[in-house]
A.B. asks: 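Quick one: the structure is below, questions incoming.
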Amino acid sequence: MTFIAKPQINYAGQARNALDLTTRDYEGTISTLCAGCGHDSVSAALIQAFFELDISPHKVAKFSGIGCSSKTPAYFLSAAHGINAVHGRMPAVATGSNAVNRSLYCIGVSGDGDSLSIGLGQFAHALRRNLKMLYIIENNGVYGLTKGQFSASADVGTKAKKGEVNEQQPIDPVITALGLGGTFIARGFSGDKEQLVPLIKAGMNHDGFAVLDVLSPCVTFNDHEDSTKSYAHTRQNFHRAIRLDFIPPAEPISTSYVEGETRSVKLHDGSHVLLRKADEDYDPTDRSRAFAYVEEHQKRGEIVTGLLYIDADRADMHALANTIDDDLIDIPYEDLCPGADALAEIQKRFR
Ligand SMILES: Cc1ncc(C[n+]2csc(CCOP(=O)(O)OP(=O)(O)O)c2C)c(N)n1
Ligand code: SF4
Ligand SMILES: [Mg+2]
């Protein structure tokens, strides 16, 4: 991982957001990923999304596991907090952070190996407890960092660079998240920034666990013609189920809201995701329909993208656990710790 900072050069007339910051303030260090790696396009989309959301970088906590994808947090928001966790264990670390300090915006960037192979249990339980975070999976079907072995998301029949064929059924993060009861489930493509930026913004404002599976081709080990996660394959077969905009709370939604063609879903902070239907019958609030729709298209070899399912009303981890409103980190230790006598009293009940 590089620690070389990008030069901070601002030019006259550069766009500034409501905090008087430019996109430079949302950048990270210089990427050491292979030239053309899909993961770098995701970093670029993240920089734009955070800039447009007017979020102060120091109010963000970034988390990752291990992998080329898990290096992404180094490449955006240098001024944010961040922890590069152990392979597949990022959700536990993010859960701890959010438990004691929910004022920070929480974002995790992981890979298909990190989340669907070694980290599948952690991923499933963070989703189940509806931890408030945006959880991005940069999905390339391989373990890029360790030189291109198949990951759990590789499709049957996919050929690796060295010629071996994958015979095992893939784990699809969208289907998995729908089955596990996820409350925000989306898929994007690293080569489609126009769709990716509003998906990131909506995910950041969702009051629960927002899964964003991003097809992000590995140009070094998985971008050949027999790969189903290559740029060429994804470009030919991706299908937008839904087009969307993200409308922050301050903006009136009437300007772009056309009755009948669009549907507005209100998020907890008053912002809206404006869904414009690409397919007439697609309803992203109907879980079983979303499931069938993704599967039907998958059988035809089509990769469905967009915000595929949303439930904006389900309680997040804090509401489920009935925690206090204050951040635990702001409460003095003496007030938090009940002391040895209180602990002994509690333990008596278990003897
Ligand atoms: C406990 C543990 N097991 C195995 C590894 C070796 N390892 C490092 S990264 C990685 C896979 C990364 O794949 P993915 O999450 O898909 O990221 P990508 O590099 O493809 O972006 C593996 C197996 C490790 N670092 N730690
Ligand atoms: S090996 Fe693949 S995933 Fe890793 S940086 Fe290179 S292109 Fe990206
Ligand atoms: Mg991978």
Side-chain angles (χ1 to χ4, degrees), residues 1-2 4 28-46 62-76 82-94 107-124 126-127 134-155 158-162 164 166 168 170-174 176-177 187-191 193 196 211-235 303:
M1 200 172 293
T2 177
I4 307 168
T29 53
I30 291 172
S31 172
T32 55
L33 302 182
C34 307
C37 176
H39 302 349
D40 277 337
S41 307
V42 181
S43 304
L46 283 162
K62 307 176 289 184
F63 299 93
S64 64
I66 299 290
C68 300
S69 36
S70 292
K71 290 165 78 175
T72 298
Y75 308 138
F76 70 98
I83 294 183
N84 190 200
V86 180
H87 195 24
R89 271 60 172 180
M90 174 259 278
V93 180
I107 176 163
V109 187
S110 177
D112 40 313
D114 197 61
S115 289
L116 306 175
S117 299
I118 194 170
L120 187 59
Q122 293 246 337
F123 169 69
L127 182 147
L134 171 61
Y135 191 100
I136 295 180
I137 302 176
E138 294 180 343
N139 191 347
N140 53 19
V142 289
Y143 297 165
L145 189 74
T146 51
K147 308 245 179 290
Q149 302 87 347
F150 290 126
S151 78
S153 73
D155 291 313
T158 309
K159 250 194 202 166
K161 197 173 181 179
K162 285 190 178 158
E164 68 270 32
N166 174 49
Q168 294 184 54
I171 297 175
D172 180 314
V174 165
T176 306
R187 175 142 52 207
F189 169 39
S190 62
K193 198 174 171 193
L196 200 49
V211 181
L212 175 52
D213 177 37
V214 183
L215 295 166
S216 178
C218 168
V219 287
T220 302
F221 297 109
N222 208 14
D223 200 34
H224 47 92
E225 65 182 52
D226 294 318
S227 159
T228 55
K229 294 204 169 41
S230 65
Y231 275 114
H233 183 91
T234 312
R235 278 229 168 78
I303 306 149

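Read the numbers this way: they start at 1 and go in the same order the structure lists the ligands and their atoms. Predicted model, so just to flag it, every value in this text is computed and none were measured.
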A.B. asks: Can you report which non-hydrogen protein atom sits closest to atom 7 (N) of ligand 1, along with the distance?
C.D. replies: Thr146 CG2, 3.5 Å

A.B. asks: Taking the side chain as every heavy atom from C-beta outward, state whether Phe76 and Val42 have any pair of such atoms under 4.5 Å apart.
C.D. replies: no

A.B. asks: So do Asn140 and His39 actually touch side chain to side chain, heavy atoms under 4.5 Å?
C.D. replies: yes

A.B. asks: Closer than 4.0 Å to some heavy atom of Val142 - which atoms of ligand 1 meet that?
C.D. replies: 16 (O), 20 (O)

A.B. asks: Could you tell me how the ring of Phe123 sits relative to the ring of Tyr135: parallel (under 30°), tilted (30 to 60°) or perpendicular (over 60°)?
C.D. replies: tilted

A.B. asks: Is there a nitrogen or oxygen of Leu145 sitting under 3.5 Å from a nitrogen or oxygen of ligand 1?
C.D. replies: yes

A.B. asks: Under 3.5 Å between any N/O of His39 and any N/O of ligand 1: does that happen in this structure?
C.D. replies: yes

A.B. asks: Taking the side chain as C-beta and beyond, is there a heavy-atom pair between Arg187 and Asp172 under 4.5 Å?
C.D. replies: yes

A.B. asks: What's the shortest distance from atom 1 (C) of ligand 1 to any protein heavy atom, and which residue and atom give it?
C.D. replies: Ile118 CD1, 3.7 Å

A.B. asks: Which ligand 1 atoms does Asp114 reach within 4.0 Å, using its non-hydrogen atoms?
C.D. replies: 14 (P), 15 (O)

A.B. asks: Measure the distance from atom 22 (C) of ligand 1 to every protein heavy atom, then report the residue, atom name and distance (to 0.1 Å) of the closest one.
C.D. replies: His87 NE2, 3.3 Å

A.B. asks: Quick test: of every protein heavy atom, which one is nearest to atom 8 (Fe) of ligand 2, and how far off is it to 0.1 Å?
C.D. replies: Cys37 SG, 2.4 Å

A.B. asks: Could you check atom 25 (N) of ligand 1 against the protein and tell me its nearest heavy-atom contact, residue, atom and distance included?
C.D. replies: Ile66 CG2, 3.7 Å

A.B. asks: I'd like to check which ligand 1 atoms, numbered from 1 as shown, lie under 4.0 Å from a non-hydrogen atom of Gly144.
C.D. replies: 18 (P), 19 (O), 20 (O)

A.B. asks: Any N or O on Asp112 sitting closer than 3.5 Å to an N or O of ligand 1?
C.D. replies: yes

A.B. asks: To check your reading of the model: name the closest protein heavy atom to atom 4 (Fe) of ligand 2, its residue, and the distance in Å.
C.D. replies: Cys68 SG, 2.4 Å

A.B. asks: Which atoms from ligand 2 have a heavy atom of Gly144 less than 4.0 Å away?
C.D. replies: 1 (S)

A.B. asks: Does the side chain of Ser70 reach to within under 4.5 Å of the side chain of Met90, using non-hydrogen atoms?
C.D. replies: no

A.B. asks: So, is Asn140 polar-close to ligand 1, with some N/O to N/O distance under 3.5 Å?
C.D. replies: yes

A.B. asks: Taking heavy atoms and a distance under 4.0 Å, where does Cys68 meet ligand 1: side chain, backbone, both or neither?
C.D. replies: both

A.B. asks: Considering non-hydrogen atoms of the protein only, which is the closest contact for atom 17 (O) of ligand 1, and what is the distance?
C.D. replies: Ser69 OG, 3.1 Å

A.B. asks: Does some side-chain heavy atom of His233 sit less than 4.5 Å from a side-chain heavy atom of Ile303?
C.D. replies: yes

A.B. asks: Which protein non-hydrogen atom lies closest to atom 7 (S) of ligand 2, naming both residue and atom, and how far is it?
C.D. replies: Val219 N, 3.4 Å

A.B. asks: Which of the atoms of ligand 2 are close to Leu33, meaning less than 4.0 Å from one of its heavy atoms?
C.D. replies: 5 (S)

A.B. asks: Would you mind telling me if ligand 2 is within reach of the side chain of Asn140, the backbone, both or neither, using heavy atoms under 4.0 Å?
C.D. replies: side chain

A.B. asks: Which residue and atom name correspond to the protein heavy atom nearest atom 14 (P) of ligand 1, and how close is it?
C.D. replies: Gly113 N, 3.5 Å

A.B. asks: Rounded to the nearest 0.5 Å, what separation is found between the CD1 atom of Ile107 and the CG atom of Leu212?
C.D. replies: 8.5 Å

A.B. asks: When rounded to the nearest 0.5 angstrom, what is the spacing between OG in Ser64 and CG in Asn84?
C.D. replies: 4.0 Å

A.B. asks: For Phe221, counting its heavy atoms only, list the atoms of ligand 2 lying under 4.0 Å from any of them.
C.D. replies: 1 (S)

A.B. asks: Confirm or rule out an N/O/S atom of Cys34, from backbone or side chain, lying less than 2.8 Å from atom 6 (Fe) of ligand 2.
C.D. replies: yes

A.B. asks: Heavy atoms, side chains only, cut-off 4.5 Å: are Pro217 and Ser190 in contact?
C.D. replies: yes

A.B. asks: Considering only heavy atoms from C-beta outward, does the side chain of Phe150 approach that of Asp112 to under 4.5 Å?
C.D. replies: no

A.B. asks: Report the distance from atom CG of Leu145 to atom NE2 of His87, rounding to the nearest 0.5 Å.
C.D. replies: 8.5 Å

A.B. asks: Do Lys229 and Leu215 make a side-chain contact, defined as non-hydrogen atoms from C-beta onward lying under 4.5 Å apart?
C.D. replies: yes

A.B. asks: Is the distance from atom 2 (Fe) of ligand 2 to the nearest N/O/S atom of Cys218 under 2.8 Å?
C.D. replies: yes

